[in-house]
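Read through the structure below, which is laid out as structure tokens, and then see the notes.
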Amino acid sequence: MMNSIEVQSLSELPAAAERLIAAHPDKRVFAFDGAMGAGKTSFITRICAFLEVEDAVSSPTFALINEYFSPSQGAVYHFDLYRLKDQEELLGLGAEEYFYSGNYCFVEWPELAKQLLPENTVYVSVREPGNDGVRLIEF
């Protein structure tokens, strides 16, 4: 069964983040799909805030992986695979170790990682169906 949340403004993202995590209390890997500029990184930033991440959260576009720290959750990993060339490059980063670490992993642009992601990965779609700034988050 798919859940969906309509987000009218950035001020509603914290509640959406809490709802996503609460709906999947035993899941640790989340794969985010959506067009460029749809709000994936903004949503992940709010999820990290909910998880009490102390570090500044930003898109790891060039680093591919950012590691954050949460006193309640330990390490939290944020992947941006947009610039990834192929699955071999992802394997070279040790991605499977992150994905199966038991730590939270948030993966933007997960297409090349699909064969490596755990079976219980939560797939999250972030879309802007109209031009009114409303976002639809489905998981």
Side-chain angles (χ1 to χ4, degrees):
M1 179 178 164
M2 186 169 290
N3 290 302
S4 65
I5 304 169
E6 193 173 279
V7 177
Q8 304 284 334
S9 69
L10 289 175
S11 66
E12 295 178 7
L13 280 179
E18 183 175 352
R19 184 170 161 195
L20 173 67
I21 296 300
H24 304 285
D26 59 335
K27 302 295 188 328
R28 292 296 178 264
V29 180
F30 295 78
F32 293 80
D33 182 51
M36 186 77 71
K40 297 179 297 293
T41 302
S42 294
F43 189 41
I44 291 169
T45 299
R46 297 324 184 282
I47 294 168
C48 287
F50 175 71
L51 295 174
E52 303 173 338
V53 165
E54 296 178 335
D55 305 292
V57 176
S58 62
S59 178
T61 301
F62 295 101
L64 300 178
I65 305 169
N66 282 348
E67 181 178 341
Y68 311 123
F69 177 74
S70 161
S72 62
Q73 304 298 324
V76 174
Y77 303 107
H78 181 188
F79 296 78
D80 183 331
L81 306 182
Y82 183 74
R83 297 190 183 286
L84 201 66
K85 294 177 186 70
D86 55 38
Q87 196 174 64
E88 293 302 314
E89 189 176 357
L90 187 58
L91 285 168
L93 294 171
E96 287 180 298
E97 292 176 37
Y98 293 103
F99 297 155
Y100 291 91
S101 67
N103 295 75
Y104 278 101
C105 293
F106 303 112
V107 184
E108 296 185 52
W109 304 101
E111 292 76 21
L112 283 175
K114 282 191 178 178
Q115 293 178 340
L116 302 176
L117 293 171
E119 282 184 24
N120 65 352
T121 296
V122 177
Y123 288 87
V124 182
S125 170
V126 181
R127 296 185 297 118
E128 186 177 12
N131 292 325
D132 52 5
V134 173
R135 300 295 195 271
L136 184 62
I137 299 170
E138 297 177 313
F139 53 92

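Throughout, residue positions are numbered sequentially from 1 according to the sequence presented.
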Say you draw a straight line from [atom1] of [X] to [atom2] of [Y]; how long is it, rounded to the nearest 0.5 Å?
| X | Y | atom1 | atom2 | value |
| --- | --- | --- | --- | --- |
| Arg83 | Leu64 | CZ | CG | 9.5 Å |
| Leu13 | Leu20 | CG | CG | 11.5 Å |
| Arg127 | Glu138 | CZ | CD | 4.5 Å |
| Leu91 | Asp86 | CG | CG | 9.0 Å |
| Leu10 | Thr45 | CG | OG1 | 10.0 Å |
| Glu67 | Asp55 | CD | CG | 8.5 Å |

Below 30° counts as parallel, above 60° as perpendicular, anything between as tilted: where do the rings of Tyr98 and Phe79 land?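 Rings of Tyr98 and Phe79: perpendicular, over 60°.
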
Heavy atoms only: give me the nearest [X]-[Y] pair and the separation to one decimal.
| X | Y | result |
| --- | --- | --- |
| Leu90 | Ala113 | CD2-CB, 3.4 Å |
| Phe32 | Pro110 | O-CD, 3.2 Å |
| Asn120 | Lys27 | O-CD, 3.3 Å |
| Phe43 | Ala17 | CE1-N, 3.4 Å |
| Pro14 | Ser11 | CD-O, 3.4 Å |
| Gln73 | Leu51 | CG-O, 3.7 Å |

Within the structure provided, determine whether [X] and [Y] are in side-chain contact (heavy-atom separation under 4.5 Å).
| X | Y | value |
| --- | --- | --- |
| Leu81 | Leu112 | no |
| Tyr77 | Asn103 | yes |
| His78 | Thr41 | yes |

If hydrophobic clusters are built by linking Ile, Leu, Val, Met, Phe, Trp and Tyr wherever their side-chain heavy atoms come under 4.5 Å apart, do [X] and [Y] end up in the same one?
| X | Y | result |
| --- | --- | --- |
| Val122 | Val7 | yes |
| Ile21 | Ile137 | yes |
| Val29 | Ile47 | no |
| Val57 | Val76 | yes |
| Leu93 | Leu117 | yes |

State whether the number of non-hydrogen atoms from other residues, nucleotides or ligands found under 6.0 Å of [X] atom [atom1] is greater than 12.
| X | atom1 | value |
| --- | --- | --- |
| Glu54 | CD | yes |
| Gln8 | CD | yes |
| Tyr123 | OH | yes |

Donor-acceptor check, side chain of [X] to backbone of [Y], threshold 3.5 angstrom: yes or no?
| X | Y | answer |
| --- | --- | --- |
| Lys40 | Ala35 | yes |
| Asp80 | Ser59 | no |
| Asn66 | Ser58 | yes |
| Arg135 | Ala38 | yes |

Let's go through Ser70 and Tyr104 carefully: what are the C-alpha distance in whole Å and the side-chain angles of both, what is the deciding distance for side chain to side chain contact (heavy atoms under 4.5 Å, CB included) to 0.1 Å, and is it a yes or a no? CA-CA 10 Å; Ser70 161; Tyr104 278 101; over 6 Å; no

Before we go on, tell me: are the rings of Phe139 and Phe30 under 6.0 Å apart, centre to centre?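 They do not qualify: ring centres at least 6.0 Å apart.
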
Determine, step by step, whether Glu111 and Asp33 satisfy the side chain to side chain contact (heavy atoms under 4.5 Å, CB included) criterion, reporting the C-alpha distance in whole Å, the side-chain angles of both residues, the deciding distance to 0.1 Å, and the verdict. CA-CA 9 Å; Glu111 292 76 21; Asp33 182 51; 3.2 Å; yes

